[in-house]
**Q** 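Below are the structure tokens for one structure; questions will follow.
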Protein chains: 2
Amino acid sequence: MIKKKLSIVDIANKLNISKTTVSFILNGRAREKRISEELVERVLKFVKEVGYKPNSLAKSLRTGKSHIIGLMVENIADPFFANIARYIEDRAYKNGYRIIYCSTDNDADKTRDLIAMFRDRHVDGYIIAPPVGVEEDIAELLKDDLPVVLFDRYFPGIDCSYVVTDNLDSTYTATEYLVEQGYKKIAFITLESHQTQMQARLDGYKKALEQNNLNPYIKEVAFNQDVKYMSEPIADFLKNNKDLDAIIFGTNRIGTCGLKVIQNLDIRIPDDVAIISFDDHDVFELYSPSITAIAQPVEEIAANTINILLSKLDSSTSNIDQKKVTLQNDLIYRGSSQVNAKLSAVK
Amino acid sequence: MIKKKLSIVDIANKLNISKTTVSFILNGRAREKRISEELVERVLKFVKEVGYKPNSLAKSLRTGKSHIIGLMVENIADPFFANIARYIEDRAYKNGYRIIYCSTDNDADKTRDLIAMFRDRHVDGYIIAPPVGVEEDIAELLKDDLPVVLFDRYFPGIDCSYVVTDNLDSTYTATEYLVEQGYKKIAFITLESHQTQMQARLDGYKKALEQNNLNPYIKEVAFNQDVKYMSEPIADFLKNNKDLDAIIFGTNRIGTCGLKVIQNLDIRIPDDVAIISFDDHDVFELYSPSITAIAQPVEEIAANTINILLSKLDSSTSNIDQKKVTLQNDLIYRGSSQVNAKLSAVK
DNA sequence: TAGAATCAATTTATCGATTTACCAATAATT
DNA sequence: AATTATTGGTAAATCGATAAATTGATTCTA
């Protein structure tokens, strides 16, 4: 015996009043609509008693609002994105919004599909780490005046709010730091990607090398969900460049993957090569020696992103000015990149 | 100028036919409804041309179906859950289902709230790692014949499909293994939790110690999103039990957190203590010495879970038999728990 | 005292789809 | 000849809410 869920009509019938009245009362418009105190109380009491909850689907269909925010990350299994998602979810929840998230896999088609789904589920706002190829879809959302905030990467050609970090500066600083320590053959192992943040990381590295008249050693590996397909190209690269004295990894996945390869090849850190990786990670902190990392301010990224979106949702006025935030990353100096660490490791 | 989205009525009007006909054609019921080939083609062509997509919200309101699966994990930032979520999402996507996930934080109230949200957004099925306290809400879903699959933990009193691993057996085996290697003062550091899986892990440990007439050393720490609040009690425990010769950690978070504490206290692994942790993790593989871990078959858990749910969704017949799956975990032997590792470390 | 305003709700339209019930014309069956 | 099926669709009801328009009784205003 399935207990059919109550609808507003059932409530109205049971109380012998109109459903509109019920609706007004439940939406706090009783005073405005001059509905008697007595009736208001009677309705609220009854609603509470039977545990009636309005069907939010029908509500959304009518109002166009859902109190849901769509969050699209590259891969929810990546700790960087998972942590951001987590933080955003918390803040949103406390502000009465629910989050639904999904992974784009950096696949433009899948992303388009997901945007469409979000859209016709009437999500109130969009937080997206967009893959290359969805520029038009983002533009479309903006044209229709929907609140969008991008993060981690952005589209230079599109006037849309975003929160990113200063990637170029970070790898520049990291590379400079290695150069200062006397390293000369510094490699950059990164993901094959045209996204702004990945390009900027590469550019920062190149800029530092150029300024110091050093040769770049760049290896771009194709992304693969399965780590073993990324290990091989890295291993090949390292075998073919035995004289490297430092490596910068472009992401945490590449970094952890690279560490495994290095361990397998019996390359010693920092005696044989110094290491710096983008993104901090438990592994980098616990590894021996600990790995110097470019830590992105995860909480700050998340906080800025959700704040911008919430303010857009608040202001009924469709404010045209898009907020663009670039945060500074933090270079966490650890043993893997320090010359004196070499000494202590030898001793 | 906002380009208003097309509705089925617009399509019907433009073609001078009834919206019903359009609906039938788009839902593949043209043949059944004896609609002429010619008209079918005309409609399909036009729909494609203008890029019309039915509003899924309205569709859901009418049909009660959404092709969306709700996935509730404890914490999406935990790699164990993130990976399961990822895998489930992939499989679901390939089967025409979208996933919306969220974190329960093991908070019964929040979970109840989220279940309600899923419910009135008309998700077609539920995959839940349930916190203690939502037994009745799960029972309610089942009573209303909604497809539910639990994973990671379950409720012994409720007849509901689930996929879990043999937690008791795993910690039993791990503990036995340590005992065989000659360890006598074996501690179990775990999360304070009444969930079945955490209880089973504890029970496996206790059982092994009992059978070997050894004393248990148990430390339960309260969960906290912020790792530092978990480090302190662990540190205190270790300081007060300097004579321990082995430690088993109950989860990967406790494990990585514990490793940091151990590093800070300058306790050597495995010379001072042997270590085994539940759940595998990059850190455990890369740590030096590498950490023995009880690896849960993440892909298998995810595959079983989503398969059960999909089969429930497929069979229009509400099959009453709930599927209950218990998978075996894999003890990955590494340096941190091996006596011979001690030797090689000393040498 | 006619007309306007207020009161306290109600009736009806609407969101955008699906589903049920029905129709009129012709063909087939009893 | 009367009934039933088939054909190719359409009109109206429905899902569960909100929003706009309306109502009938009373009270205020000019």
Side-chain angles (χ1 to χ4, degrees), chain A residues 2 4-44 47 50-68 116-117 119-124, chain B residues 2 4-44 47 50-68 116-117 119-124:
Chain A
I2 295 183
K4 208 18 201 337
K5 259 197 105 179
L6 290 170
S7 84
I8 196 170
V9 180
D10 301 323
I11 303 292
N13 287 342
K14 293 239 168 90
L15 292 171
N16 276 319
I17 57 174
S18 146
K19 59 180 179 171
T20 309
T21 309
V22 178
S23 173
F24 282 147
I25 292 176
L26 292 180
N27 288 294
R29 302 178 59 189
R31 175 134 282 155
E32 171 194 350
K33 292 295 174 182
R34 293 172 278 263
I35 292 169
S36 67
E37 285 291 339
E38 177 265 333
L39 185 55
V40 170
E41 274 192 27
R42 204 149 59 85
V43 170
L44 290 180
V47 162
V50 299
Y52 162 75
K53 287 243 175 81
N55 177 319
S56 62
L57 211 60
K59 195 166 178 158
S60 290
L61 178 60
R62 187 70 247 252
T63 62
K65 304 241 153 291
S66 62
H67 273 85
I68 290 183
M117 161 186 138
R119 183 143 193 191
D120 60 27
R121 301 310 290 183
H122 285 192
V123 305
D124 289 351
Chain B
I2 294 183
K4 192 61 183 318
K5 262 197 100 178
L6 290 169
S7 83
I8 197 171
V9 180
D10 301 322
I11 303 292
N13 287 342
K14 293 242 167 89
L15 291 171
N16 275 318
I17 56 174
S18 145
K19 60 178 178 172
T20 310
T21 310
V22 178
S23 172
F24 285 148
I25 292 176
L26 291 181
N27 288 294
R29 302 177 59 190
R31 174 134 282 154
E32 170 195 347
K33 292 294 174 181
R34 292 171 282 261
I35 291 168
S36 67
E37 286 288 340
E38 177 265 332
L39 185 56
V40 170
E41 276 192 27
R42 206 149 57 85
V43 170
L44 290 179
V47 162
V50 299
Y52 163 74
K53 288 240 173 87
N55 177 318
S56 62
L57 210 60
K59 196 166 178 158
S60 290
L61 178 60
R62 186 68 246 253
T63 61
K65 303 241 153 291
S66 62
H67 274 84
I68 291 183
M117 161 185 137
R119 185 145 191 189
D120 60 26
R121 300 313 286 185
H122 284 193
V123 305
D124 289 352

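Heavy-atom basis, side chains included; hydrogens, waters and symmetry copies ignored. Every value quoted in this text rests on a predicted model; they were computed, and no experiment measured them. Chain letters run A, B, ... following the sequence lines, proteins first and then strands; every chain starts at 1.
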**Q** Looking only at side-chain N and O atoms, does A:Ser66 offer a donor or acceptor that is under 3.5 Å from a partner on B:Arg121?
**A**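 No.
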**Q** With nearest nucleotides of DNA chain D determined for B:Lys33 and B:Arg62 from heavy-atom distances, which residue corresponds to the more 5′ nucleotide?
**A**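 Result: B:Lys33.
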**Q** Taking 4.0 Å as the cut-off, does a side-chain nitrogen or oxygen of B:Ser23 come that near to OP1 or OP2 on C:dT18?
**A**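 The answer is yes; a side-chain N or O of B:Ser23 sits under 4.0 Å from OP1 or OP2.
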**Q** Has B:Tyr52 got a side-chain N or O lying under 4.0 Å from the OP1 or OP2 atom of C:dG16?
**A**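 Result: no.
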**Q** What is the distance, rounded to the nearest whole Å, between atom CD of A:Glu37 and atom P of C:dA8?
**A**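 In whole Å, C:dA8 P lies 11 Å from A:Glu37 CD.
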**Q** So does A:Thr21 get a side-chain nitrogen or oxygen closer than 4.0 Å to the phosphate oxygens (OP1/OP2) of C:dT10?
**A**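 Looking at the OP1 and OP2 atoms of C:dT10, one of them is under 4.0 Å from a side-chain N or O of A:Thr21.
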**Q** B:Leu57 near the nucleic acid: base, sugar-phosphate alone, or nothing, with a heavy-atom cut-off under 4.0 Å?
**A**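 Here B:Leu57 touches no strand at all.
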**Q** State whether A:Arg34 places a side-chain N or O below 4.0 Å from either non-bridging phosphate oxygen (OP1 or OP2) of C:dA8.
**A**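 The answer is no; no side-chain N or O of A:Arg34 sits under 4.0 Å from OP1 or OP2.
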**Q** Please give, in whole Å, the distance from D:dG16 C1' to B:Arg121 CZ?
**A**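 Atom-to-atom, B:Arg121 to D:dG16, this comes out as 13 Å.
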**Q** Only one of A:Leu44, A:Thr20, A:Ile11 forms a side-chain contact (heavy atoms from CB on, under 4.5 Å) with A:Ile25, so which one is it?
**A**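 Exactly one candidate clears the test, A:Leu44.
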**Q** Show your working on side-chain contact (heavy atoms from CB on, under 4.5 Å) between A:Ser60 and A:Leu57 and close with a plain yes or no.
**A** CA-CA 5 Å; A:Ser60 290; A:Leu57 211 60; 5.8 Å; no
**Q** Name the closest nucleotide to the B:Lys19 side chain, picking from D:dG16, D:dA12, D:dT10.
**A**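 Side chain of B:Lys19 sits closest to D:dA12.
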**Q** What is the distance from CD1 of A:Ile25 to P of D:dT18, rounded to the nearest Å?
**A**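 So the CD1-P distance, A:Ile25 to D:dT18, works out to 12 Å.
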**Q** Can you name the closest pair of heavy atoms from A:Lys65 and A:Asp124 and give their distance?
**A**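 Scanning both residues completely, I find the closest heavy atoms to be CA-OD1, 3.4 Å.
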**Q** Counting only side-chain nitrogens and oxygens, does B:Arg29 get under 4.0 Å of the OP1 or OP2 atom of C:dT19?
**A**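 Yes, B:Arg29 has a side-chain N/O under 4.0 Å of OP1/OP2 on C:dT19.
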**Q** For A:Ile35 and C:dA9, what is the distance between atoms CD1 and C1' respectively, to the nearest whole Å?
**A**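 That distance rounds to 7 Å.
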**Q** Compare the minimum distances between each of D:dG16, C:dG16, C:dT11 and the side chain of B:Ala58, then state the nucleotide with the smallest one.
**A**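 Of all the options, the side chain of B:Ala58 is nearest to C:dG16.
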**Q** Determine: side-chain N/O of A:Thr20 to OP1/OP2 of C:dA9, distance under 4.0 Å, yes or no.
**A**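 No, because none of the side-chain N or O atoms of A:Thr20 sits under 4.0 Å from OP1 or OP2 of C:dA9.
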**Q** Distance check needed: C:dC15 P versus B:Leu61 CG, whole Å only.
**A**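 B:Leu61 atom CG is separated from C:dC15 atom P by 14 Å.
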**Q** In whole angstrom, what separates A:Asp10's CG from D:dA17's C1'?
**A**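 Between C1' of D:dA17 and CG of A:Asp10: 13 Å.
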**Q** Whether B:Asn27 contacts C:dT18 is assessed here as follows: a side-chain N or O lying under 4.0 Å from the phosphate OP1 or OP2. Is that the case?
**A**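 For C:dT18, OP1 or OP2 has a side-chain N or O of B:Asn27 closer than 4.0 Å.
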**Q** Quick one: is D:dG9 close enough that its OP1 or OP2 comes under 4.0 Å of any side-chain N or O from B:Ser36?
**A**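 For B:Ser36, the contact criterion (side-chain N or O under 4.0 Å from OP1 or OP2 of D:dG9) is met.
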**Q** Please report the closest heavy-atom contact between A:Val9 and A:Lys19, naming both atoms and the distance.
**A**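 Nearest pair, atom of A:Val9 first, then A:Lys19: CG2-CD, 4.1 Å.
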**Q** What is the separation between atom NE2 on A:His122 and atom C1' on C:dT14, rounded to the nearest whole Å?
**A**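 That distance rounds to 13 Å.
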**Q** What is the distance from CZ of B:Phe24 to P of D:dT10, rounded to the nearest Å?
**A**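 In whole Å, D:dT10 P and B:Phe24 CZ are 10 Å from each other.
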